[in-house]
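Quantities reported herein were computed from a predicted structural model and do not represent experimental measurements. Hydrogens, waters and symmetry mates play no part in the numbers below; they use all other heavy atoms, side chains included.
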Amino acid sequence: MDVYSGWESYYVNASAAAWKDEPDAAVLDLQRRVGSINSPHVADMGCGDGRNLWPWLMRPCTVACIDMSATALQRIAKRCQDENISLPTLLKSDMSCTPLSSDQFDVVQCYDALPQIVDPAEGMAEARRILRLGGLYGFNVFTPGDAAFGEGERVGENAYLFNNTLFRFFEHGDVERLLPKGLRVIDSVKRRWTDPPHIPFRPTVHEHEAYFFVCKKVA
């Protein structure tokens, strides 16, 4: 089942700004939570073309960007070059199995991406593996109240294949059952927001709904 090629096609055909220009508020919250750490090591899993990356690149950080779309990573590289920003590490990789060493990151973030991989539990386990003890993992998952729920071919419980991309939808309890041992939820909230059109996925203004989690690696 092809679930990733749709993202590459999207970035090849999308305008220079594929998503909103501003980062999600959850990223700024993660920055506040690690404010006392000097030059944190940060991994952005499912980074896309970098919407949630730029706040980290504006402060002293070591950053790794992971995504399956080569075009999205190339866009990050071009923007860094255009704006004279130090280039982060760019990895074309499935976030479920990265080439990164264990226990090295203070922060792993994964926004609007975890529900699109074949096995979200493996993605969570990989985030735990590369986190340092005490490190933070911030991510979100879409709920059945999201505008995309039910679009495409149903391929599993609350899972749909749409334009060669996989969309899964979760209730709060689903997420807690998938979390690997060693990750403890320290904060969670359900949010709803409006997004602009993302042609060809969603050609009109639409609403998303998701649970946002912050976890800490405790073991």
Side-chain angles (χ1 to χ4, degrees), residues 1-29 44-55 65-80 82-83 90 92-96 109-120 123 138-172 174-175 189-213:
M1 182 170 60
D2 179 9
V3 302
Y4 295 130
S5 67
W7 291 114
E8 174 66 8
S9 297
Y10 175 69
Y11 285 109
V12 167
N13 294 296
S15 64
W19 311 104
K20 286 182 177 178
D21 289 333
E22 70 273 13
D24 195 280
V27 178
L28 306 182
D29 176 62
D44 190 349
M45 294 179 123
C47 62
D49 60 2
R51 172 194 169 196
N52 291 312
L53 170 67
W54 307 114
C65 305
I66 303 100
D67 203 273
M68 288 292 289
S69 169
T71 298
L73 295 173
Q74 290 165 7
R75 288 188 175 194
I76 292 173
K78 184 178 187 307
R79 180 171 173 180
C80 287
D82 291 346
E83 300 185 14
L90 302 175
K92 183 180 181 296
S93 173
D94 186 333
M95 71 176 78
S96 301
Q109 66 179 27
C110 183
Y111 293 112
D112 298 348
L114 191 64
Q116 276 86 46
I117 66 174
V118 172
D119 192 335
F139 67 95
N140 70 338
V141 294
F142 299 111
T143 79
D146 189 89
F149 182 77
E151 291 187 344
E153 175 191 358
R154 188 174 186 273
V155 293
E157 184 178 0
N158 289 345
Y160 299 86
L161 187 63
F162 180 65
N163 285 347
N164 292 329
T165 57
L166 181 64
F167 289 84
R168 295 184 185 275
F169 302 87
F170 299 80
E171 299 291 359
H172 196 279
D174 299 330
V175 178
V189 63
K190 182 164 72 173
R191 284 172 36 201
R192 192 169 183 87
W193 71 97
T194 301
D195 257 5
H198 308 309
I199 298 171
F201 282 96
R202 266 160 277 292
T204 60
V205 174
H206 53 281
E207 288 193 330
H208 287 299
E209 184 176 89
Y211 287 107
F212 286 77
F213 287 81

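- Minimum heavy-atom separation, Phe167 to Phe169: O-CE1, 3.7 Å.
- Side chain of Arg191 to backbone of His208: no donor-acceptor contact under 3.5 angstrom is found.
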**Request:** Before giving the answer on side-chain contact (heavy atoms from CB on, under 4.5 Å), spell out for Thr71 and Tyr10 the whole-Å C-alpha distance, their side-chain angles and the decisive distance to 0.1 Å.
**Result:** CA-CA 9 Å; Thr71 298; Tyr10 175 69; over 6 Å; no
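- Around the CD atom of Glu157, the shell of radius 6.0 Å holds no more than 12 heavy atoms that belong to other residues, nucleotides or ligands.
- Side-chain atoms of Asp174 come within 3.5 Å of backbone atoms of Glu171 as a donor-acceptor pair (strictly under, hydrogens ignored).
- Of all the heavy atoms in Glu22 and Arg51, the pair that sits closest is O-NE, 2.8 Å.
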**Asked** Between Leu73 and Cys47, is a side-chain contact (heavy atoms from CB on, under 4.5 Å) present by the stated rule, with each step listed?
**Response** CA-CA 8 Å; Leu73 295 173; Cys47 62; 3.7 Å; yes
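- With values rounded to the nearest 0.5 angstrom, Met45 atom CE is found 15.0 Å from Asn52 atom CG.
- The distance from the CZ atom of Phe170 to the CG atom of Asp146 is 12.0 Å, given to the nearest 0.5 Å.
- A distance of 9.5 Å separates CD in Glu8 from CG in Asn13, rounded to the nearest 0.5 Å.
- In terms of heavy-atom proximity, Leu161 sits nearest to Val3 at CD1-CG1, 3.8 Å.
- Side-chain contact between Val141 and Pro120 is absent, with no heavy atoms from C-beta onward closer than 4.5 Å.
- Taken to the nearest 0.5 Å, the CG atom of Leu114 stands 10.0 Å off from the CZ atom of Phe142.
- No donor-acceptor pair closer than 3.5 Å links the side chain of Arg79 to the backbone N or O of Gly50.
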**Request:** For Arg75 and Asp67, run salt bridge (Lys or Arg N to Asp or Glu O under 4.0 Å): C-alpha distance rounded to whole Å, both residues' side-chain angles, the deciding distance at 0.1 Å, then the answer.
**Result:** CA-CA 12 Å; Arg75 288 188 175 194; Asp67 203 273; over 6 Å; no
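- A donor-acceptor pair under 3.5 Å is absent between the side-chain atoms of Glu209 and the main chain of Lys190, judged by distance alone.
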**Request:** List the steps, then state whether side-chain contact (heavy atoms from CB on, under 4.5 Å) holds for Thr165 with Trp7.
**Result:** CA-CA 7 Å; Thr165 57; Trp7 291 114; 3.5 Å; yes
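- A donor and an acceptor atom, one from each side chain of Ser96 and Asp94, are located under 3.5 Å apart.
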